[in-house]
Amino acid sequence: MGRFRVETHALRNQASDLYTRSGEIERTAQAVETIYHHLNLGSADTTRAVERKLVKIEAGLLEQAVRAESLGKALEYIAAQFERTERAVQEFQNGTVSAATVQHEIHSLYTKILRALGLDRAYYRRKQGSPDAAVSKKQEKMMDHYMSDACAALLKTDRYSEETWYKATPKEREEILKSFILDINDIMGTDVDKNVNFVPMTGGTRGYYDPDTNAVYINSAYLDGSRADSYQIMKTMIHEMRHCYQHTAVKNPEKFMVSRETLDAWQKNFEPGGYYSGDDYAKYVQQPIEWDAKNFAKQYSDVEGYTPEYAGSW
């Protein structure tokens with residue numbers, strides 16, 4: 001009996017403390033976001049450097065908050081498992097269950113504790129790069145909505161506002177887009193960095209992300225003043241960078257807060273023959289990666305009235 005004696009009430013108290021800690025971290029993240037939105041420094045370059053740092057700090061805080069909450073749930077679960085095992089031991093001492101039953105409970109207890117803490121075999125597979133990410137849908141949704149809102153908030157800054165865009169020269173617009181993608185890259189934790197190309201494109205294509213070159217390609221026609229809707233390229237870049245995020249997360253699931261269900265849906269969509277690019281708009285927009293990218297970029301008019309194959313966080 002002594003081997004299994006655990007103060008389960010202490011575990012539950014620790015879980016409660018972790019929930020409190022999670023809330024405190026989230027409030028700190030909100031404070032960082034408030035500072036970020038009220039920056040008014042003299043040097044534009046200095047301001048952007050500070051903004052990027054604050055975005056990274058906020059993302060790190062949110063991840064800490066989610067992990068603290070998850071650990072709290074794990075401790076509650078462990079306490080419940082210990083109580084169950086102690087009951088089995090007591091029943092054995094009373095002669096109501098067999099030693100084999102107790103042994104099974106003990107083995108199950110250790111396994112479930114490791115799994116609850118993320119230290120079972122799946123953890124080590126993840127550490128080795130295996131696509132076995134134990135991320136909950138709640139964790140995924142929390143991070144997705146944070147990143148989506150952070151990207152949308154960039155458009156409210158003077159640097160990336162619609163007014164600044166339409167006053168800019170073609171060369172200035174090129175620099176705006178490069179800087180914008182770099183900021184999105186920092187928010188998402190991807191690695192496109194400055195790999196941005198401006199090329200002529202046919203039709204209404206504004207741009208695209210190429211996973212083979214890990215580069216973003218932008219229709220150079222949007223740099224001049226000939227298109228009245230040229231500012232829409234900004235939301236398109238959020239959309240295309242989300243595709244970058246999707247590909248990067250599928251390749252490196254251990255580095256991103258994406259659930260196994262979502263990774264599987266994206267992977268299937270990426271497979272040869274799995275992506276639809278035809279003229280049927282409903283079929284196109286309802287596939288997992290497009291539905292996700294459009295909602296992430298808040299292109300709501302593009303998805304209104306359609307039903308996705310897989311909704312993800314949206």
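Of the N and O atoms on the side chains of D183 and Y160, at least one donor lies less than 3.5 Å from an acceptor on the other residue. Between the side chains of K141 and S136, no donor N or O sits under 3.5 Å from an acceptor N or O. Counting only N and O atoms by type, the side chains of T262 and Y310 include a donor and acceptor under 3.5 Å apart.
The heavy-atom pair separating V258 from E140 by the smallest distance is CG1-OE2, 3.2 Å. Taking all atoms of both residues into account, the shortest heavy-atom contact from F256 to N252 is CD1-O, 3.3 Å. In this structure, D144 and F296 approach most closely via the heavy-atom pair O-CE1, 3.6 Å. In terms of heavy atoms, M234 sits closest to L177 at SD-CD2, 3.7 Å. Closest approach of L223 and E174 over heavy atoms only: CD2-N, 3.8 Å. The shortest heavy-atom contact between H145 and S313 is NE2-O, 3.1 Å.
Look at R173 and D224 and you find no salt bridge, because none of the NZ, NE, NH1 or NH2 atoms lies under 4.0 Å from a carboxylate O. Classification of K294 and E290 as a salt-bridged pair fails, no side-chain N sitting under 4.0 Å from a carboxylate O.
Of the possible polar contacts, none joining the Y231 side chain to the E163 backbone as a donor-acceptor pair under 3.5 Å is found. Not one N or O on the side chain of E240 forms a donor-acceptor pair closer than 3.5 Å with the backbone of M237.
Residues in residues 20-29 take part in no side-chain hydrogen bond (donor to acceptor under 3.5 Å, both in side chains) pair, two or more places apart or across chains.
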Which donor-acceptor pairs under 3.5 Å do the side chains of residues 199-209 make with protein atoms, sequence neighbours left out?
| unit_1 | atom_1 | unit_2 | atom_2 | d |
| --- | --- | --- | --- | --- |
| R206 | NE | Y222 | OH | 3.4 |
| R206 | NH1 | T236 | OG1 | 3.2 |
| Y209 | OH | N214 | OD1 | 2.8 |

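Other residues, nucleotides and ligands contribute only 12 or fewer heavy atoms inside 6.0 Å of the NZ atom of K268. Within 6.0 Å of CG on D279 lie no more than 12 heavy atoms contributed by other residues, nucleotides or ligands.
Residues K251 and F270 have side chains not in contact (no heavy-atom distance under 4.5 Å, counting atoms from C-beta outward). Side-chain contact check for Y284 versus Y275: some heavy-atom pair is nearer than 4.5 Å. Side-chain contact between Y281 and Y306: present, with at least one pair of heavy atoms (C-beta onward) separated by less than 4.5 Å. Contact check for R159 versus L154: no side-chain heavy atoms found under the 4.5 Å cut-off. Looking at M147 and R242, their side chains come closer than 4.5 Å, going by heavy atoms from C-beta outward.
Placement of V216 and L182 in two distinct hydrophobic clusters is found when ILVMFWY residues are connected by side-chain heavy-atom separations under 4.5 Å, directly or transitively.
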Quiz prompt | Audit row: H243, H239, ring-ring contact (aromatic ring centres under 6.0 Å, His included) steps and yes/no | solution = CA-CA 7 Å; H243 285 320; H239 177 119; 4.7 Å; yes

